[in-house]
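Each chain gets a letter, A, B and so on, in the order the sequences are listed, and its residues count up from 1.
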Amino acid sequence: MPNVSVNGIVIDDTFAEAFGMRATAIIITAPNRKWARQAAITMTGFATSVIGCGCEAAIDVELPPSATPDGRPGCRVLIFATGTDELQKQLLNRVGQCVLTSPGSACFAGLEGSAALKLGSALRYFGDGWQISKKIGGRHFWRVPVMDGEFLCEATTGLTKAAVGGGNFFVMAESSAKALLAAEAAVAAIGLAPGAIVPFPGGIARSGSKIGGKYKGMIASANEAYAPTLRGVVRSELGADINAVLEIVIDGETNDAVAAAMKAGIKAVIELGPQRGAVRISAGNYGGKLGKFIYSLKDMLP
Amino acid sequence: MKALTFTLVAEPPERLDLSLLTAERLAGIERRDFEKIQIGMSKHGSKVGDIFRIAGNDLLDIVFEGGSARLDRVAEGMRGGSVRVVGNAGAQAGRAMRGGTLTIEGNAGPHAGSGMRGGRLEITGNAGDHLGGPLAGELAGMNGGVLIVRGKAGAFAADRMRRGLIAVLKGSGDNAGSRMIAGTLVVAGGTGEMPGYLMRRGSILLDRAPKSLSPSFVECGAPESVFAAVVDRHLIADGILKRPLLGNAPQKYGGDNAVLGMGEVLFPH
C-alpha cells in the first residue's frame, strides 16, 4: 500500500514494533494536588528508558479525591520494566526514596494483577519496629511512623505480564518549533488515554535510536536515517521538507491501551494540520521480527 | 432450592446446642433425619423435630424463624453460605466461624463471634459480654472476619482480639478491647470504663473521648491520619456507619504501657 495523506499530512505505510513488558501501577495521594503530583513526578524522574534507567515510568492519570482510597487528590503512576525482579527493585527504590519521603504522602496499589509485588510489606522496615499492620476491607496496609504523622502504604500491588512497551510514532515537520507543537498536541491527547504513559521528557524523545552502534558496548545509538543534519550523507528517510523529527514512545498496560494512545496521539497531530505542525507521520520498527506487538499506522488513523 | 428453614414452634424447655445445624454438619445427613438430631442440652434431650418445624432444603441458606435466648452456638464453625436468625440467639452465636454470613435479627448472648476467623456476623440488636472473645483457657479471641453489632455490646467486647474488625454502634460496656493482641475495634455511642485495658497492639476507634482510660495510656497527639480517612471511608462504604467516625486528624492515646504498649485508642479531636 502506498503512503496515504490525511488532512495534508503524509502517513507512512509502516508500523510501530513493540515488546512485551512487566508493569505495575500505584496510586499516590497527598494533602493536595500539588504534592500528589510532586511525589509522582519525583518517583518517575530518570525513568525514560529501560536502556539506562532500569524502568520506564510516568503519571498515567491524575485522580480526583472521589477516585482515591483515602479521599485525597492523587496520581496513578505506571512503571514498566523488562523483568519482574528489576520491576520490584525499581518500585521499592523509587517509592522508598521519593514517595515515603514526600510530605503527607500515602501509597496504594493501582493494579490488580496476576501476581503481587511487595510495596509496604518491604518499606515497613523503615518503621524500625513501630510500624503497624492493618487489614481494612480485605486490603492490607502498613502504617509507618514518620515526622509528619504516618506513611500509609498498601502491602502489595499487582503485576501485569500483559504490558506493552515501545509503541511509537514519529512526527516530522519543517521546523523544530512545528515538530514540537505537533508532539505536544499528541502528548496532551495521550495524557487523557487511560493505561498508557509517554515516559520521555514531557512525553517526547528527540534522540530516537537504532539498536547497537559501531562502538563496542553501545546498546543504542543515533538513528542517522532520521537525523536531518545527515540527510545528504547517509541513506536518509527524510525528504527535503523535513528538518525536525520527534518521537512519541508509548508504554501501556495492555496492547489495547497502547493502540488507543497511538490513535489519540496521531489524531491530535492530524487535527493540528501541516501548516502549524507535522507534515508527515512515521513509526519505528526493527523489520517486524523482534517485537511481539505490531501497530500499523494505517490502522491507527482517526 | 428453598432456604432450609427451622421455625420455632414454642419456647424451648431447655438450652439448645444448634452447632449441629450448619451446612457443614448437616451435609451427609438425610433430609428426613434432620428431625432426629438431638439438640437439647439437659435431661429432656430435645430433638430438632420437638422444637422446630422444618421446611426447605438449601443447606447454604439456613433460616431460624423465631428466636430465643436458649438457642446457643448458632452457626458455630460455619464456613460458607448464610445463616439468618429471625429473633434472638443465645450464647456463642457464630463461634469459630470461618466464612459465610450470619445475621441475627435480634439480640445475641455472651461470646457472640467468639474466636471467629472469617466471614461476617451481624447482630441487629444487642450483644452480651465477651463479644468475639475467647472462652476460658483460649489464648486469642477473634482472629479474622467482620463482626457488627448494631445495638449495644456488653463488657469485654473484643477481649484478646487478634485480627479482624468488630464494630459496635450503640455503645459498649466496660473494658472494651481488653487484652487486645491486634485487630480493630470500632465503638460508636460511648464505651464503659477503661477501654483497651492491658491491650498489647491493635486499634480501638471511638466516636468520642473515652470517659476513662487506664493510667498506663499516654497522649500521642493528633497528627493528620490517612489511616483514619481510609477506615472512615471503608466503614461507610461497607454500610457499617453512615457518617465518618474519626475525621482526618484524630486524637491518639497509646497503650497499654502496662504491657507492650503498641496499641492505640483513637477518637475525633
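- Between G149(A) and P223(B), the shortest heavy-atom distance links the atoms CA-CB, 4.0 Å.
- Counting heavy atoms of neighbouring residues, nucleotides and ligands inside a 6.0 Å radius, atom OH of Y197(B) does not exceed 12 of them.
- Within 6.0 Å of CZ in R124(A) there are more than 12 heavy atoms belonging to other residues, nucleotides or ligands.
- Residues from residues 57-89 of chain A that place a non-hydrogen atom less than 4.5 Å from a non-hydrogen atom of chain B comprise P65(A), S66(A), T68(A), P69(A), D70(A), G71(A), R72(A), given in numerical order.
- At least one side-chain heavy atom of E264(B) sits under 4.5 Å from a side-chain heavy atom of R143(A).
- For chain B, the nearby part of F108(A) is the side chain; its heavy atoms alone come within less than 4.5 Å.
- L165(B) contributes atom CG, which lies 9.0 Å from atom CD1 of I136(A) (distance to the nearest 0.5 angstrom).
- The side-chain heavy atoms of E150(A) and S225(B), taken from C-beta on, include a pair separated by under 4.5 Å.
- Residue-environment remark: CD (E112(A)) stays at or below the threshold of 12 foreign heavy atoms within 6.0 Å.
- Open room surrounds NZ on K152(B); 12 or fewer heavy atoms of other groups in view lie less than 6.0 Å from it.
- Applying the 6.0 Å contact sphere to CZ of F126(A) captures no more than 12 heavy atoms from other residues, nucleotides or ligands.
- Within a 6.0 Å sphere centred on CG of N248(B), other residues, nucleotides and ligands contribute 12 heavy atoms or fewer.
- Rounding to the nearest 0.5 angstrom, the gap separating the CD atom in Q131(A) from the CE atom in M262(B) is 7.0 Å.
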